[in-house]
Each structure stands twice: as structure tokens, then as C-alpha cells.
Amino acid sequence: EKITISVIKADVGGWPGHSRVHPALIERAKEVLSEAQKEGTLIDFYVTYAGDDLQLIMTHKKGVDSSEIHGLAWEAFKKATEVAKELGLYGAGQDLLKDAFSGNVRGLGPSVAEMEITLRKSEPIVTFHLDKTEPGAFNLPIFRMFADPFNTAGLVIDPKMHMGFRFEIWDIYDHKKVIMSSPEEMYDILALIGAKGRYVIKRVYPKKGHPIPEDEPVAVVSTEKLYEVAGEYVGKDDPVAIVRAQSGLPALGEVLEPFAFPHLVSGWMRGSHNGPLMPVPLKYATPTRFDGPPRAVALGWQISPEGKLIGPVDLFDDPAFDWARQKAMEITDYMRRHGPFEPHRLPLEEMEYTTLPGVLEKLKDRFEPVE
Ligand code: F6R
Ligand code: MG
Ligand code: MG
């Protein structure tokens with residue numbers, strides 16, 4: 001029998017500003033999910049935060065896109081929003097873009113990563129929770145985990161992984177997807193996913209012959225684009241991901257290794273700047289400097305045979321990631337010194353805020369032809 005793991009998150013209020021989630025919101029969401037667990041809807045759950053995003057991690061047997069589970073998440077966010085309003089928290093309910101729930105939270109504001117899987121004899125997974133950045137921030141690390149032999153030794157030396165993996169890549173502007181095979185199509189894959197604002201890795205699948213069935217994902221990323229939902233800027237769609245590990249998949253350390261390099265991602269201040277993705281323990285998942293820099297939390301779990309979440313282990317709470325944090329701070333300083341200049345500030349078409357039309361309007365009579 002299959003188990004579904006659902007990670008659903010929303011920003012329903014920050015404390016202070018857009019820095020972090022107030023504990024009272026976490027408590028309220030826990031009450032809602034706890035009730036659902038008693039009623040048998042959920043097998044297990046865990047509620048946490050990453051920056052200003054409230055994070056629900058749930059296991060159940062309802063499959064992906066279940067209206068019951070999505071409705072439950074919606075309910076938890078609504079209830080947490082009430083608390084956020086009482087406390088006067090900042091941007092209360094900001095990611096709940098529609099008033100009414102209509103069967104699925106996708107398109108309503110929250111971000112979702114879910115996978116329905118047949119549990120292996122032992123099922124280690126990592127959930128990733130990013131703040132102040134966008135889904136494309138996962139392209140580089142997910143590619144490295146499942147396709148880069150310089151990251152993942154198993155691709156070279158584990159017979160179960162040697163055939164590589166398949167990548168489901170979404171064009172988030174044209175709402176199209178394509179499945180591509182690595183390593184055969186590696187350069188084509190990179191041609192797409194290097195454009196991380198447009199082409200995002202949605203899922204990774206094993207190939208035929210792998211111990212895991214071909215149609216079961218081994219990694220999944222949330223790909224919601226909030227501005228498409230809202231039609232105007234309402235914050236970056238801080239993404240989440242679920243990655244399975246070990247036994248013919250990247251080892252736990254191969255899953256974490258890409259984050260030892262704090263690569264540049266877009267987001268940060270006003271969703272309009274490039275900055276390093278800093279791997280942090282939960283206690284530091286609280287963006288401060290220039291509303292950042294963007295942060296990544298990794299939680300480790302074993303799923304018990306009944307589907308219980310055995311964890312979390314706060315995986316970046318480890319001195320092995322100190323250098324990455326140090327490097328991220330150096331990059332932060334370096335990027336910040338560019339002030340309003342690209343490539344710290346995003347190019348015009350990717351900015352979430354702009355005054356340019358107004359400035360151009362003001363100057364329209366003063367612009368004259370060059371000779
Ligand atoms: C970035 C983010 C913050 C806000 C900034 C301005 O994703 O959430 O950097 O964009 O704090 O926020 P407002 O416009 O709400 O004052
Ligand atoms: Mg916020
Ligand atoms: Mg956020």
C-alpha cells in the first residue's frame with residue numbers, strides 16, 4: 001500500500017516584517033492537524049517554519065492532490081491567519097489569494113510538493129524549505145544530486161544508479177512539461193534549467209530496471225508562481241521540495257552536498273535581487289540582513305512502516321556547513337556593495353517591484369533623439 005508525503009506551505013504573516021513565523025501560528029496549525037490525525041485523515045504531521053513561511057509536513061493515504069488534504073492545509077492556514085490578525089503580524093494571510101477553497105490549494109497561493117510512494121524497507125527522506133527565493137533555486141542542487149557525477153559518487157560507482165535518472169522539467173510560463181533523460185540528454189537538460197526563472201525541475205524519476213517503480217518520483221519540487229496566481233506582486237513563491245535518499249538513490253550526504261556551495265538565486269530583498277542561498281539550521285531560518293540572504297533548511301526523516309514521520313533532524317545544524325555559511329556572508333557583502341546595480345538587482349523583466357514606468361513617464365518630454 002502506498003503512502004503520500006505532502007509538504008504544503010504558505011506565508012500567512014511575518015514576525016516582525018517578513019522575518020519569521022510567530023510560534024502562536026505554529027501552535028494553531030498544529031491544533032488543526034492534530035484534530036485531523038485523531039479523525040484518521042492524517043497518519044502523521046509536523047509543523048514548522050522557514051523564514052516567514054508556515055510549513056506543514058504530512059503523511060496520509062489519500063494520494064497527491066487530495067481535496068481532503070488540501071482542504072485541511074487551507075483550514076490550517078486560515079486558522080493561523082486569524083491568529084496573525086489578532087497579533088497584528090505583518091502581511092497576515094498574504095499568501096491566501098482566494099477567499100474560497102475549491103478542492104485544491106494549487107493556484108490559491110500556497111506552495112505544494114507531494115509524492116505518493118511505495119515505502120521501501122527503510123525510507124529516508126529530506127524535506128527542503130527555502131525562504132526569500134523561487135522554485136528555480138532548486139534546479140542547480142537537484143541537478144547535482146541526480147545527474148552530476150562530481151557531486152554524487154553513486155552515479156559512477158553504484159550499479160543501481162549508474163543508468164541515471166529522468167527529469168520532468170516544466171516551462172512555468174507556457175505551462176508545458178517535458179521528460180528528459182540523464183546522462184544521455186544532459187547538455188539539453190542544462191540548456192533549459194540554466195534558465196531557472198522559466199524552466200524548473202518539477203520531479204525526478206528512476207529509469208526502468210531501478211528497484212523503485214518507474215512511475216514513482218524520487219524527488220519533487222513545488223513550482224507555484226504566486227504572481228501568476230495573483231496577477232501582481234505578492235511576494236516570491238518560496239519553494240519546498242521532497243527528496244528520497246539511499247539504496248540506489250543519492251546518499252543522504254549526496255543529497256546535502258550541493259548546498260555546501262551557496263549558489264546565487266533570485267529573491268532576497270523585495271523579491272528583486274540575486275544573492276547566495278545560505279544553508280541554515282532552523283534557529284537561523286530567520287532572514288534579517290537586507291531581508292535575507294535567502295535561506296535553505298533541510299529536515300531529515302525516516303518514514304516508519306506505518307507512515308509515521310520519524311524526525312526531524314535539522315541537517316544543516318552541523319559545522320560541516322559553516323564554511324558555506326561563511327562563504328554566503330562574503331558573497332552577501334560583495335553583492336550588497338552593488339546597491340541598485342545589476343546583477344545584484346535583478347534584470348528589469350524579473351523584478352517584482354519597479355518604478356521605471358513612472359520614471360519614464362516623468363521624463364518623456366525630456367528624452368530627445370541622439371545624433
Ligand atoms: C521578499 C520579501 C521582503 C519584502 C520587503 C518589502 O520576498 O518578502 O523583502 O519584499 O520587506 O515588503 P513590504 O512591501 O511588505 O513592505
Ligand atoms: Mg512575508
Ligand atoms: Mg517567505
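Position 1 is the first residue of the sequence, and the numbers go up from there. Just so you know, ligand 1 is whichever comes first in the structure, and atom 1 is the first atom listed for that ligand.
Under a 4.0 angstrom heavy-atom cut-off, Gly17 registers as lying outside contact with ligand 1. Within the 4.0 Å heavy-atom cutoff, Tyr90 counts among the residues contacting ligand 1.
No side-chain heavy atom of Tyr205 sits under 4.5 Å from any side-chain heavy atom of Ser181. Side-chain contact check for Lys196 versus Ser266: some heavy-atom pair is nearer than 4.5 Å.
Ion pairing between a basic and an acidic side chain is recognised when a charged N comes within 4.0 Å of a carboxylate O; Lys85 and Glu82 show no such pairing.
Expressed to the nearest 10°, the angle at the Mg ion (ligand 3) joining OD2 in Asp53 with OD1 in Asp131 is 80°. Angle subtended at the Mg ion (ligand 2) by Asp11 OD2 and His18 ND1: 170°, rounded to 10 degrees.
Ring geometry for Trp301 against Tyr46 counts as perpendicular: the plane angle is over 60°, on a 0 to 90° scale with 30° as the lower cut. Relative ring orientation between His344 and His273 is described as tilted, the plane-to-plane angle lying within the 30° to 60° band.
Here Asp52 meets the criterion, with an N, O or S atom under 2.8 Å of the Mg ion (ligand 2). Here Asp95 fails the criterion, with no N, O or S atom under 2.8 Å of the Mg ion (ligand 2).
Ligand 1 places these atoms under 4.0 Å from at least one heavy atom of Trp268: 1 (C), 7 (O), 9 (O). Set against the non-hydrogen atoms of Met269, the atoms of ligand 1 under 4.0 Å away are 9 (O).
With a 6.0 Å cutoff to the six-membered ring centre and a 45° limit on the axis angle, Arg20 counts as a cation-pi contact of Tyr49.
With hydrogens and angles ignored, the 3.5 Å screen pairs no side-chain donor or acceptor of Glu224 with any backbone N or O of Gly109.
Sorting the N, O or S atoms of Asp238 by how far they are from the Mg ion (ligand 3) puts OD2 first.
Between Asp291 and ligand 1, a contact under 3.5 Å exists for at least one N or O pair.
Paired with Ser6 under the rule side-chain hydrogen bond (donor to acceptor under 3.5 Å, both in side chains), one option of Lys62, His70, His60, Glu116 passes, and it is His60.
Contacts between His18 and ligand 1 below 4.0 angstrom, taking non-hydrogen atoms only, involve the side chain exclusively.
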